[in-house]
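In what follows, a single structure is set out as structure tokens and then discussed.
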Amino acid sequence: MRELHFKDNFWNTDITCTSGYDNIIQHLNDGRRTCKEIEDFMKASTLKRSLDVFKLQTENVALSHQQLANTIREEAKRLEEFREKQKEARKKIEHQMDTLHKQRATLYKKAMESKKTYEQKCRDKEEAEQNMNRSATTSNTKQQEKLFLKAQQAKNSAEEADNIYNSNVGSMGKIREEWLNEYIKSCEFFENQEVERISTVRNTVWTHLNQLSQQCVTSDELYEDVRKSLEQCNIQEDIEHFINLRRTGDKPPAPVPYENFYSNQRAPPPRQPPPVNSRRAPPLPDSNTAGDVVYSTVTEPGYSVIRY
């Protein structure tokens, strides 16, 4: 079967008519078709069917992307809830540990201050006893009793400072044990939280990547439908459909002939020569230039009044 082509089907016998050319240009440039015939053409063409499949599958791809976006938002929301849950649970442990840290620091400071006091009292006691022993042979009884009383007071102060220091060290020991136990529990709790966090984040990212991979597969399957539809697109069939719909003719205009005005006029009947006159006719011009008027004589065949 002979293929149809634009060059054979958009002629018009009127050389001034451009309807065939206008039809082609309208077909090529009419992006927003309002003409019913063009709409019918587009509905019938194989390219339009391919474009419809492309539009449909593109919308399906967009829909799948939207579904993926919704899934990602849900995953992000679950991850946020998990993070907040861990944060609240960690707050309780952190608050408890902060309290123990403050108590430990306070008791440590108190123990160190009582230690300084205890050491100073011990030095005072030793100094008082040394003074009492040195004056045992040189001082009178009254002076010795005074030194003895001072040494005794220093001893009592040292013993009291020793008890306070020992008590503070004991309290420090208790809070240390409590802190050690709670610190171990906190470490175990924080470690479990970290294991859970790493596992959750890992699984979330893994799932997200699987979703993205599946989205790529889904998109490619949808695009493959478009490719298959494009394979069914018959260019020549679409061309012939348009030609059959809007053809104007298969014959070009005939050449415009040259038509001489005088050649179409009917020659006048010959005239009889006038009677001979004895007078001589005036002489004819010797020559004429191009474009000058030439007067013909009566005796010329094809007589005309004026010839150019």
Side-chain angles (χ1 to χ4, degrees), residues 1-70 212 214-268 288-294 302-308:
M1 181 178 177
R2 182 171 175 268
E3 293 183 349
L4 300 179
H5 298 284
F6 286 3
K7 65 180 181 179
D8 300 323
N9 292 276
F10 290 94
W11 297 106
N12 196 291
T13 55
D14 183 357
I15 196 170
T16 62
C17 180
T18 61
S19 60
Y21 175 79
D22 293 340
N23 284 344
I24 294 175
I25 295 302
Q26 180 182 3
H27 173 63
L28 297 178
N29 295 334
D30 194 3
R32 297 180 179 178
R33 292 169 175 83
T34 57
C35 177
K36 180 60 178 172
E37 290 182 343
I38 300 299
E39 291 177 357
D40 294 340
F41 157 70
M42 289 302 294
K43 291 177 181 178
S45 69
T46 59
L47 177 60
K48 179 58 167 60
R49 290 194 293 270
S50 298
L51 294 178
D52 286 342
V53 174
F54 172 70
K55 180 180 179 182
L56 175 62
Q57 300 300 45
T58 301
E59 290 175 352
N60 290 335
V61 169
L63 180 61
S64 63
H65 284 179
Q66 183 63 41
Q67 292 172 346
L68 176 60
N70 293 336
L212 292 177
Q214 183 59 45
Q215 178 62 47
C216 293
V217 173
T218 301
S219 298
D220 188 67
E221 290 175 351
L222 296 174
Y223 293 145
E224 181 62 23
D225 290 341
V226 179
R227 286 190 287 266
K228 290 179 180 179
S229 176
L230 290 174
E231 289 174 356
Q232 303 302 318
C233 177
N234 190 313
I235 298 176
Q236 186 59 35
E237 182 180 337
D238 286 0
I239 294 296
E240 292 181 1
H241 179 80
F242 167 68
I243 290 174
N244 290 329
L245 182 68
R246 301 301 298 273
R247 70 197 309 166
T248 57
D250 57 358
K251 294 181 180 179
V256 179
Y258 169 75
E259 299 178 358
N260 187 284
F261 176 80
Y262 297 102
S263 65
N264 294 331
Q265 288 185 351
R266 186 176 180 180
N288 66 294
T289 59
D292 292 341
V293 177
V294 178
Y303 171 78
S304 176
V305 179
I306 298 176
R307 185 181 64 183
Y308 292 90

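Predicted model only: the values in this text are computed from it and were never measured.
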task: Tell me, please, which residues at least two apart from Asp220 pass salt bridge (Lys or Arg N to Asp or Glu O under 4.0 Å).
output: Arg227
task: Mind checking side-chain contact (heavy atoms from CB on, under 4.5 Å) for Thr58 and listing every partner two or more places apart, or none if nothing turns up?
output: Phe54
query: So which heavy atom on Leu4 is nearest to which on Ile239, and how close?
result: O-CG2, 4.0 Å
message: My understanding is that only residues two or more places apart in sequence, or in another chain, count here; which of them pass salt bridge (Lys or Arg N to Asp or Glu O under 4.0 Å) with Glu59?
response: none
query: Which heavy atom of Asn12 sits nearest a heavy atom of Pro253, and at what distance?
result: O-CD, 3.0 Å
task: Using the test side-chain contact (heavy atoms from CB on, under 4.5 Å), find all partners of Asp225 that sit at least two apart in sequence or belong to another chain.
output: Gln57
message: Using the side-chain contact (heavy atoms from CB on, under 4.5 Å) criterion, which residues pair with Gln214? Sequence neighbours excluded.
response: Val217, Thr218
statement: Sorted by chain and residue number, the side-chain hydrogen bond (donor to acceptor under 3.5 Å, both in side chains) partners of Ser219 (sequence neighbours excluded) come out as Gln215
- prompt: Any side-chain heavy atom of Leu68 sitting closer than 4.5 Å to one from Leu212?
  reply: yes
- prompt: Looking only at heavy atoms, which two atoms of His5 and Asn9 are closest? And how far apart?
  reply: O-ND2, 2.8 Å
query: Looking at residues at least two apart in the chain, or sitting in another chain, which of them share a side-chain contact (heavy atoms from CB on, under 4.5 Å) with Pro252?
result: Trp11
message: Applying side-chain hydrogen bond (donor to acceptor under 3.5 Å, both in side chains), can you list everything that pairs with Asp250, at least two apart in sequence or on another chain?
response: none
task: Kindly write out the residues that satisfy side-chain hydrogen bond (donor to acceptor under 3.5 Å, both in side chains) with Thr18, not counting sequence neighbours, or none if the list is empty.
output: Asp22
- request: Give, for atom NE2 of His241 and atom CG of Asn234, the distance between the pair rounded to the nearest 0.5 Å.
  value: 12.5 Å
field: Partners meeting salt bridge (Lys or Arg N to Asp or Glu O under 4.0 Å) with Asp8 (sequence neighbours left out)
entry: Arg2
- request: Hey, could you give me the CG/CD1 distance between Asp238 and Ile243, rounded to the nearest 0.5 Å?
  value: 11.0 Å
